[in-house]
Amino acid sequence: MQTNSIRNFLGIFYLGVTALLGAYILLFQETRFLPIARDDASSSFQIIIPTFIAQLTIIFKWFANPPQSAGEEINLPKWVVIAPPILTLIILLSSISLIVIDNGTSLRGGEIFKNIVTFSVSILGATTIFIIARVFQEPKKQATAP
Amino acid sequence: MMRISASFRGVQYLLLAVLLSPAANRLWAQKKIPTLCSKCIDERDGRIYIMTPDSCPDYASGYNKAYDFILTKINDKFRPFSFTTRANNNVFPGPPIAQQKYIDSFHLVEAGSGNKVYQIYLTEEPGLREYSGYPVSLPYGLAYNFQLHRVPKNKADAVIKNIVSMQKIGLFDKQVNTDLKPVPYRVFTDQRAKYLQSYDVSDPLIFNGINMDMEDSDEEADKFSMKEKLIKLWVQCYISVDSNWNSVDMPERMITPIALQTDKSLYVFSQTVVPASVKGGGSIDQFQGKIFDLSSASDYERLYNRVLQTFKEDLNATFQSLPLSTQPVSGLAPNQIRFQRKFDKSEVLKGFTGPYYELSTYTMIVWNGPDESHLGNNRIYLETDYLKKNYQNNQVFLSESTSLQIAVGKTGPYPEPKPEQYSAYEKAVRAAILEAVKKTTSRLGGQFINNIGKIK
């Protein structure tokens with residue numbers, strides 16, 4: 001997989017998930033679109049935002065000032081890059097759908113959402129974060145002769 | 001560096017002051033202590049009688065409560081031709097002990113229960129109505145409240161002189177409590193006398209031994225901060241006596257405050273009746289007031305029972321219909337009505353937000369009382385039936401208390417509702433009660449005027 005493709009995919013994923021999930025929680029907490037208590041929504045927001053924003057900072061810092069050797073190939077299997085974000089996205093969307101369909105009648109939506117968010121952030125923290133560290137790392141400065 | 005250290009010390013003092021202030025503030029849960037005019041204080045035969053005319057600037061607006069000045073009430077007992085009794089054995093008991101170290105060293109316990117005693121508490125001056133001499137039990141939702149009033153400087157000496165002269169009287173106003181039952185391990189007496197004493201409240205150990213907390217209104221959150229040094233608190237005390245005025249027990253640990261002296265002013269206490277503040281349990285009073293006027297009834301007893309029966313039916317109907325959608329709870333005390341809705345979707349909060357589920361209990365007490373403004377008016381409550389000719393308890397009052405918890409989901413914890421959710425319920429409860437009153441009035445052929453059903 002080309003390094004630039006990895007960078008683009010992860011950049012779009014983190015930006016999309018952070019912005020949309022953050023806004024969704026803020027806008028639709030305690031409504032039929034996210035029937036969880038304000039406290040639970042607030043806790044979930046506090047779990048997501050610091051972690052994801054940190055990733056976004058690394059990504060955008062790199063894009064803002066890309067090194068000259070940016071086009072290098074990195075030998076990584078495709079699933080290593082794609083699978084964790086996609087699975088996380090599926091888990092998040094499924095749980096939100098489940099909570100919305102249940103509409104507070106039988107599930108403890110707030111607790112489920114909080115746990116799912118923690119779980120998703122943990123998965124990404126254990127997997128994709130290393131890919132980000134590698135593809136968005138700044139090139140090591142070469143020692144210059146005195 | 002020195003400046004920083006000095007500021008830190010300043011902050012420390014400030015923190016200390018803030019931490020210590022609540023104890024002193026409990027007594028004066030008033031935003032502003034009003035000052036009495038000289039003309040409010042009438043001196044007759046060395047006795048002080050206090051009234052608050054409308055022309056007094058501090059009472060002209062905002063202070064529309066009827067005050068009973070405790071000093072006036074005590075002096076009333078010694079007016080010429082006024083019936084009161086006085087000991088002739090010159091017994092002068094001290095006030096109940098306030099300092100915990102003395103309570104501990106004397107092993108003081110509550111007579112009857114045997115429990116260790118702690119603080120002493122404020123109690124209301126018994127009203128004229130109850131002949132037993134023991135405090136009147138107020139209806140549900142009402143409580144006694146003490147308030148301070150500043151005495152003008154030119155009258156302070158006269159007030160103190162009056163109180164000190166009454167202190168020298170010793171025991172007075174012995175009354176019999178017919179409700180008491182003899183218990184085998186206690187010297188039995190059904191008589192109780194009063195006497196005046198004072199506390200040196202400049203001693204914090206004494207001040208802290210007196211629990212100044214009384215039921216209070218919404219002003220609780222915004223307490224008045226007294227920046228004066230407390231000196232002396234005059235109180236009326238109570239003690240059990242036998243038929244010869246000999247004390248047979250220790251002084252009761254309930255006292256009635258009369259006056260307070262500080263380094264700058266003299267204050268007198270008044271007592272009044274206020275709606276009881278919400279206390280624990282997540283319950284809040286959503287409706288209080290008169291609902292029926294039966295003063296024109298030809299057969300009051302029959303009409304009262306009929307009104308109650310019809311009203312209960314109508315209340316059942318309105319509370320079971322939308323938006324409250326509750327179920328009645330049976331097996332309660334007479335004149336108590338209760339509805340509940342448990343773990344069901346809230347119809348009151350139905351809208352874009354939610355869905356909210358509720359755990360709600362509405363408890364209503366209905367009672368009859370005298371005419372005039374019954375709520376919040378101590379003098380009328382205590383004295384109307386005493387003063388009024390052809391007196392009748394021909395008004396019907398209702399007090400409603402709501403216990404409410406709201407959850408976004410049906411399962412899980414049910415936290416306390418937010419203020420806007422409370423107000424949505426308050427509107428719904430008020431509408432349901434008034435709708436029931438209106439229906440009852442209509443069914444019984446009366447007129448519904450100003451939210452009160454006038455039925456003949």
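A, B, ... follow the sequence lines: proteins, then strands. Residue 1 opens every chain. Worth knowing before you read on, the calculation uses all heavy atoms, side chains too, and leaves out hydrogens, waters and symmetry mates.
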Heavy-atom contact with chain A under 4.5 Å, split by part of B:Pro415: neither
Does [X] have more than 12 heavy atoms from other residues, nucleotides or ligands lying within 6.0 Å of its [atom1]?
| X | atom1 | answer |
| --- | --- | --- |
| B:Glu313 | CD | yes |
| A:Phe119 | CZ | no |
| B:Lys312 | NZ | yes |

Name each donor-acceptor pair under 3.5 Å that joins a side chain in residues 74-87 of chain A to protein atoms two or more places apart or in another chain, with its distance.
none

Selection from A:Arg32, A:Glu30, A:Glu111 maximising heavy-atom pairs under 4.5 Å formed with chain B: A:Glu30
In residues 124-135 of chain A, what donor-acceptor pairs under 3.5 Å come from side-chain atoms, sequence neighbours left out?
| unit_1 | atom_1 | unit_2 | atom_2 | d |
| --- | --- | --- | --- | --- |
| A:Thr127 | OG1 | A:Ile123 | O | 2.7 |

Neighbourhood of chain A inside residues 336-345 of chain B, taking heavy atoms under 4.5 Å as contact: B:Lys345
Chain B-proximal positions within residues 97-110 of chain A [heavy-atom distance under 4.5 Å]: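 A:Asn103, A:Gly104, A:Thr105, A:Ser106, A:Leu107, A:Arg108 fall under the 4.5 Å cut-off.
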